[in-house]
Structures are given as C-alpha cells and as structure tokens.
S.K.: 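Next up is a structure, given as structure tokens.
Quick note: numbers below take in every heavy atom, side chains included, and nothing from hydrogens, waters or symmetry partners. Numbers here are sequence positions counted from 1.
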Amino acid sequence: MKRNMKKFVKRVKKRIPWLEHVIEDAKVASEFNNLLFSTNTRGDVRCILCRGTKLLCGKASCPILAKFFSYVKRRKYLESVDIVGSSPPDIFVGRIGYPYVYVGPLSPPYRGNTRLLALTEYWIEAYTSINEIIDARVQLIRGMFKSHVSKLNSPSRFLELTQELALSSRPADVEMRLARKPYTSSLFDGESQPIGPSAPLSSLNVEATSTDKAIEKVAYDEDLNAREALLLLYNDGVEVSRIQQAFSIGLLGVKRKKKLVPTRWSITAVDNIISMTLRDQVIKRCEPINEYRVYKFSVLGNRFVVVMIPEKWSFEFIEAWYPGTPWNPSSNVISICGDYEWYKGRTSYASIGGCYYASRLAVTEYLAKERRQAKVLVLRESYPNYILPLGVWLVREAVRRALRTEYRKFDSLEEVMKYLGQILKVNINEWIQVSELLKTSLRQVKLEYFFK
C-alpha cells in the first residue's frame, strides 16, 4: 500500500521582518522593517539572529531599535500633511543634485520653546544619552523645495521665507502643508546633526517674532564678503551653529555672489575659516606655552585627549574606531586614521573630513584666548556604545569641554607618553605609528625607548 506522498517545498522570505518578533504591534514593526530594508540602512544576517538582544554587531546597544523607538514616538505626527509648530529656528540645505539642491525649514509638529533643538553648543549638558539626542532631533520635520544654489537675486517665495526663518532670534511659528506624508527615513550622515522625516512643500507660512540683529546687519551689507561676515558674527558672540545656518541659507556675502551652501559643507567651511583666522592672526604671533599639558574628556561613548607640547604651532587629529562603531561596523580590529598640518597649515582638504576642522576650531579658540601657541595633538577613541553618528558638532564641543577641564602638567614628553598609556585604551605604540607629530617630537627623546 502506497502512502500519499507530498512534495516538500521550503518557502523562504526574501527579508525576515525580525522586529515583528520583538514587539507586539506587528503593523508598526512591519512598517519600520519596510523602511529599514528599502533604504540605505541595510540589515544583515546578524540582525536576524540577534533581534536586538545578543548584540552580535559588537555595539553596546542596538542602533536599529534606537531608531525604531524614535520612529514609534513620532509616528502619530506623520499621518498628516499639515505641520504646525515652532522652528528652533533651523534649516537644511541638501547636496544631492548640486547645483540644484533641496532646501527647506525644519520644525517639530508642536509649538513652544524649541530653541535647544538647533543649538549644538548646549547638547552635551542638555542630553545624557545618544537616544535623547536622536529623540530630540527626529522630531524636526523637513519641508523641501528645489532651488539653484546661485539664483538668489530673485528668490522664490519659499526661499524668502526660509531665509526669514534663519534670521529669527527665537523660535518662529511655522505652518507647512506637505505634498505627501513625510518620508520616515531619518538622516544620520556623520557630518551634520540628525534630522527627522521629510516631504516636498505645497505651502509655507513663517511668523518670525524677532530678528537677530547681528545676523540681519551682515545679511543686508551688500559689500561684505562671506568670510568677513561670518568672522564679524563670531566676534559678536553668535553661536557657531547659528553662523553655519546663516552661511548655508545664503545670507552672507556680496549681493551678487551669495550662494546656498549645503549644510554638510557649511559646517566644515565655518569651522575652517574661523580656526584658520585665529591660527594665523592671533596664535602664531604669541609665545609657546612653557610646559607639557594633557587634557581629557569623555562623552557618549567617546574619549577625547588633547596633548599640548611647548613648541611652535602644528596640529594633528587622530581617531581610533573600535569594532561595532559607526565607521568601523564589521571589522574585528580597531581602525585608526588621522591628518595633520605643520606651522604653515594645510593646502588640501583633511582626509578625515569635518572632524579635523571642528577639533582645530576648539583648539585655536582656546590658544587664542590664552594668547599662546603650541604643538597640539587631539586623540579620539570611539567605543561600541557610540552606536550612531551624531555629527561633527560632537567633536567640536567635546574638545571645547576637554580644554575647560584642569589639565595635567608634565616636565617632559616621556612623562606625557607614560600618562597617555594609562588613560587611553589603545596601546601607545599604535598612536605613535600613526602620528606624524609624535614621531617628530619623539626623535628628541629616543624613539627606541617606546618599542622595548
């Protein structure tokens, strides 16, 4: 007697929505899975095996779950195309498609004092975790319209209103009607601070309550070039993050040469111009410090150490990324990279990008205020609990905080190196092999000593 035999067919889904196994609300999880696997944020087999519990990626917490919980919190605001809220103020200029780029205001879907959401200078004190920063920033919904970066002499109504918003000294009421529901992807690009969902604008209304007089003055000075304008703002005490906004939205510069500058580029440009000016016009005219110094500060899974050597100006910034960190996600070794400049400065863009200029700004601010110069080395160790990139503001503000702490003073570089071996996790010999400044300085104290 023959048994009824059925052919066995194994069905395998192309994508396993593992979040549906983590939370009870399968609909919400499914929505987020579609987002997760249809954008640049790709899952891999470890995510399926881990499901946010085993931390197989090496991170201290799951970045996918961090994004997910932020998404759930703001999901109810993404069902409408009408957004009414108070912009901090904040704007964003994209870079894709340059010279035709997407521009627009950023606003949460509620009214109130939202100023902190845009001022990176105060985030280290205000927020105690990466999740808090993500939760705060992804509230900002971005309305978008396309504009040519150079055609500012006859701006569109949308651009006029966005520039008016950037001039505001306090949170401004914004009413946006979007062409569709906001696209739920958040931007985490490592250079600029995170932002929330976006959609094209259908209509925009801005009710700015007051104007920042310092920004307004330079914006309407048609003979003032952008470099002079941003330096005036800096010397007037305007926050660097505010200067970057004004520069990005085309408020600074000679009338017929004003341009929109993508936010990512404007951040580095402002850091570079200010630090270069302080270096050449103030620091190089001062005497070197008279002792070896070491400063340190730890924040959000990162440790920053600043070493100052009593010599003429030179500068180096080096990062060590542990496995499981944003820029070293799948490796099983620590990745170390950096860049430097000698007394005359650089003639090319730093290979490690905006972090170099952000750290140099913090250092030049400090030395200019002290009226001294030094050979400066900034070291950063980034650990697995730094689960998502937050932007170069973190480097600028962390180095600023380090330089506000009481420093350790030493009589020799040999003593400095021994101390660094105690406070850094990466072996001191690894730093020496990468650092051009250390190699040069250590020739005076027998480099062989450190390789015994």
S.K.: For the side chain of Ser435 and the backbone of Trp431, is there at least one donor-acceptor N/O pair under 3.5 Å apart?
M.R.: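 No, Ser435 side chain to Trp431 backbone: no donor-acceptor pair under 3.5 Å.
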S.K.: At their closest point, which heavy atom of Glu397 faces which heavy atom of Thr120, and how far apart are they?
M.R.: CG-O, 3.7 Å
S.K.: Taking the side chain as every heavy atom from C-beta outward, state whether Leu140 and Phe92 have any atom pair closer than 4.5 Å.
M.R.: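 The answer is no, as the side chains (C-beta and beyond) never meet within the 4.5 Å cut-off.
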S.K.: Parallel, tilted or perpendicular: which one describes the rings of His148 and Tyr100, with boundaries at 30° and 60°?
M.R.: perpendicular
S.K.: Would you indicate whether Tyr102, at its atom OH, is surrounded by more than 12 heavy atoms from other residues, nucleotides or ligands within a distance under 6.0 Å?
M.R.: no
S.K.: Could you verify whether a donor N or O on one side chain and an acceptor N or O on the other, from Ser210 and Ser169, lie under 3.5 Å apart?
M.R.: yes
S.K.: Find out whether Arg303 and Val426 are in side-chain contact, i.e. whether some heavy atom of one side chain is under 4.5 Å from a heavy atom of the other.
M.R.: no
S.K.: Would you call Glu125 and Arg401 a salt bridge, taking side-chain N to carboxylate O under 4.0 Å as the test?
M.R.: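 Yes, this pair counts.
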S.K.: Can you tell me if Lys284 has over 12 outside heavy atoms packed within less than 6.0 Å of its NZ?
M.R.: yes
S.K.: Consider side chain to side chain contact (heavy atoms under 4.5 Å, CB included). Of Arg170, Arg242, Arg115, which one does Pro89 pass it with?
M.R.: Arg242
S.K.: Under a 4.5 Å cut-off applied to non-hydrogen side-chain atoms, are Ile267 and Phe247 in contact?
M.R.: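 In short, these two side chains do not touch, never coming nearer than 4.5 Å.
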S.K.: For the CZ atom of Arg142 and the CG atom of Leu178, what is their distance to the nearest 0.5 Å?
M.R.: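 Nearest 0.5 Å value for the CZ-CG distance: 12.0 Å.
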S.K.: What is the minimum heavy-atom distance between Arg95 and Pro262, and which atoms define it?
M.R.: CB-CB, 3.7 Å
S.K.: Let me know which of Val392, Val306, Val399 forms a side chain to side chain contact (heavy atoms under 4.5 Å, CB included) with Ser359.
M.R.: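 Answer to the side chain to side chain contact (heavy atoms under 4.5 Å, CB included) test with Ser359 among Val392, Val306, Val399: Val399.
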S.K.: Consider only side-chain N and O atoms of Arg360 and Asn272, and report whether a donor and an acceptor are under 3.5 Å apart.
M.R.: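 A pair is found: one side chain offers a donor N or O, the other an acceptor, under 3.5 Å apart.
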S.K.: Donor-acceptor check, side chain of Asn328 to backbone of Val333, threshold 3.5 angstrom: yes or no?
M.R.: yes
S.K.: Hey, does the side chain of Gln373 reach the backbone of Cys286 with a donor-acceptor pair shorter than 3.5 angstrom?
M.R.: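 Indeed, once roles are kept as given, a pair shorter than 3.5 Å links the two residues.
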S.K.: Do the non-hydrogen side-chain atoms of Val378 and Val395 ever get within less than 4.5 Å of each other?
M.R.: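 Not touching, per the 4.5 Å side-chain cut-off.
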S.K.: Find the distance between CZ (Arg396) and OG (Ser241) and round it off to the nearest 0.5 Å.
M.R.: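 Reported value, rounded in 0.5 Å steps: 7.0 Å.
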S.K.: To the closest 0.5 Å, what do you measure between CZ (Arg372) and CD (Glu287)?
M.R.: 7.5 Å
S.K.: If you round to the nearest 0.5 Å, how far is CG of Leu403 from NZ of Lys369?
M.R.: 11.0 Å
S.K.: Could you walk me through whether Tyr386 and Trp321 satisfy the side chain to side chain contact (heavy atoms under 4.5 Å, CB included) test, starting with their C-alpha distance in whole Å, then the side-chain angles of each, then the deciding distance to 0.1 Å, before giving a yes or no?
M.R.: CA-CA 10 Å; Tyr386 184 57; Trp321 292 90; 3.8 Å; yes
S.K.: Run the side chain to side chain contact (heavy atoms under 4.5 Å, CB included) test on Leu260 and Ile249 for me, step by step, so that the C-alpha distance in whole Å, both residues' side-chain angles and the decisive distance to 0.1 Å come before the verdict.
M.R.: CA-CA 5 Å; Leu260 298 174; Ile249 202 61; 4.1 Å; yes
S.K.: Can you establish whether the number of heavy atoms outside Lys258 located under 6.0 Å from its atom NZ is more than 12?
M.R.: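 Enclosed: over 12 neighbouring heavy atoms sit under 6.0 Å from NZ of Lys258.
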S.K.: Give me the atom names and distance for the closest heavy-atom approach of Gln163 to Leu251.
M.R.: CB-CD2, 3.9 Å
S.K.: Is a donor on one side and an acceptor on the other found under 3.5 Å between the side chain of Trp123 and the backbone of Leu116?
M.R.: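 Side chain of Trp123 to backbone of Leu116: a pair is present.
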S.K.: Mind listing the closest non-hydrogen atom pair of Ser351 and Arg346 along with its distance?
M.R.: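 The answer is N-NH2, 4.5 Å.
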S.K.: Quick one: does Asn225's side chain have a donor or acceptor within less than 3.5 Å of a partner on Arg227's backbone?
M.R.: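 Yes, the answer is positive, given that a donor and an acceptor are paired below the 3.5 Å cut-off.
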S.K.: Taking the side chain from Glu365 and the backbone from Arg400, do they hold a donor-acceptor pair closer than 3.5 Å?
M.R.: no
S.K.: Is the count of non-hydrogen atoms from other residues, nucleotides or ligands lying under 6.0 Å from Tyr220 atom OH greater than 12?
M.R.: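 Open.
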S.K.: Evaluate side chain to side chain contact (heavy atoms under 4.5 Å, CB included) for Glu436 paired with Ser314, printing each intermediate quantity in order.
M.R.: CA-CA 10 Å; Glu436 294 297 323; Ser314 54; over 6 Å; no
S.K.: Flag the pair Arg111 and Glu175 as a salt bridge only when some basic side-chain nitrogen lies within less than 4.0 angstrom of an acidic carboxylate oxygen.
M.R.: yes
S.K.: Let's go through Leu165 and Gln245 carefully: what are the C-alpha distance in whole Å and the side-chain angles of both, what is the deciding distance for side chain to side chain contact (heavy atoms under 4.5 Å, CB included) to 0.1 Å, and is it a yes or a no?
M.R.: CA-CA 10 Å; Leu165 175 65; Gln245 284 184 28; over 6 Å; no
S.K.: Answer with yes or no after comparing the ring centroid distance for Tyr349 and Tyr356 against a 6.0 Å cut-off, counting only values under it.
M.R.: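 No.
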S.K.: Measure from the side-chain N and O atoms of Glu207 to the backbone N and O of Asp173, and report whether any donor-acceptor pair falls under 3.5 Å.
M.R.: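 Judged by distance alone, no pair lies under 3.5 Å.
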S.K.: Does the side chain of Gln281 reach to within under 4.5 Å of the side chain of Leu231, using non-hydrogen atoms?
M.R.: no
S.K.: Looking at Pro310 and Ile289, what are the two nearest heavy atoms and their distance?
M.R.: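 Smallest interatomic distance, heavy atoms only, reads CB-O, 3.1 Å.
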S.K.: Measure the CG-OG distance between Asp90 and Ser168 for me, rounded to the nearest 0.5 Å.
M.R.: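 Asp90 atom CG to Ser168 atom OG measures 12.0 Å (nearest 0.5 Å).
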S.K.: Atom NZ of Lys259 and atom NZ of Lys151: how far apart are they, to the nearest 0.5 Å?
M.R.: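 So the gap between those two atoms works out to 13.0 Å.
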S.K.: Could you walk me through whether Phe304 and Phe297 pass the ring pair (Phe, Tyr, Trp, His ring centres under 6.0 Å) check?
M.R.: CA-CA 5 Å; Phe304 292 86; Phe297 182 73; 7.7 Å; no
S.K.: Has Ser266 got a side-chain atom pairing as donor or acceptor with Thr263's backbone, closer than 3.5 angstrom?
M.R.: yes
S.K.: Would you mind reporting whether Gln244 and Leu230 have side-chain heavy atoms less than 4.5 Å apart?
M.R.: no
S.K.: Under the criterion ring pair (Phe, Tyr, Trp, His ring centres under 6.0 Å), I'd like the reasoning laid out for Phe317 against Tyr357: C-alpha separation, chi angles, the key distance, then a yes or no.
M.R.: CA-CA 9 Å; Phe317 177 72; Tyr357 301 97; over 10 Å; no
S.K.: So do the side chains of Val376 and Leu367 get within less than 4.5 Å of each other, counting heavy atoms only?
M.R.: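 The answer is yes; the side chains approach within 4.5 Å.
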S.K.: Determine the interplanar angle of the Tyr98 and Trp265 rings, folded into 0 to 90°, and report it as parallel if under 30°, tilted if 30 to 60°, perpendicular if over 60°.
M.R.: tilted
S.K.: For the backbone of Arg279 and the side chain of Thr364, can you confirm whether one donor and one acceptor N or O come within less than 3.5 Å of each other?
M.R.: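 Side chain of Thr364 to backbone of Arg279: no pair is present.
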S.K.: Looking at side-chain heavy atoms only, is the closest gap between Leu438 and Val307 below 4.5 Å?
M.R.: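 They are not in side-chain contact.
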S.K.: When you check the gap from the basic side-chain N to the acidic O, do Asp236 and Lys213 get nearer than 4.0 Å?
M.R.: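 Not counted as a salt bridge, because no side-chain N and carboxylate O are separated by less than 4.0 Å.
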S.K.: Identify the two heavy atoms, one from Ile83 and one from Pro108, that lie closest to each other, and give their separation to 0.1 Å.
M.R.: CG2-O, 4.3 Å
S.K.: Test your reading of the model: is there a side-chain donor-acceptor pair from Thr162 to the backbone of Gly104, 3.5 Å cut-off?
M.R.: no
S.K.: Please confirm whether Tyr407 and Tyr366 have ring centers closer than 6.0 angstrom.
M.R.: no
S.K.: Taking atom CZ of Arg177 as the centre, does the number of heavy atoms from other residues, nucleotides or ligands within less than 6.0 Å exceed 12?
M.R.: no
S.K.: Tell me which one of Val138, Leu390, Ile124 satisfies side chain to side chain contact (heavy atoms under 4.5 Å, CB included) with Ile133.
M.R.: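 In the set Val138, Leu390, Ile124, the residue that makes a side chain to side chain contact (heavy atoms under 4.5 Å, CB included) with Ile133 is Leu390.
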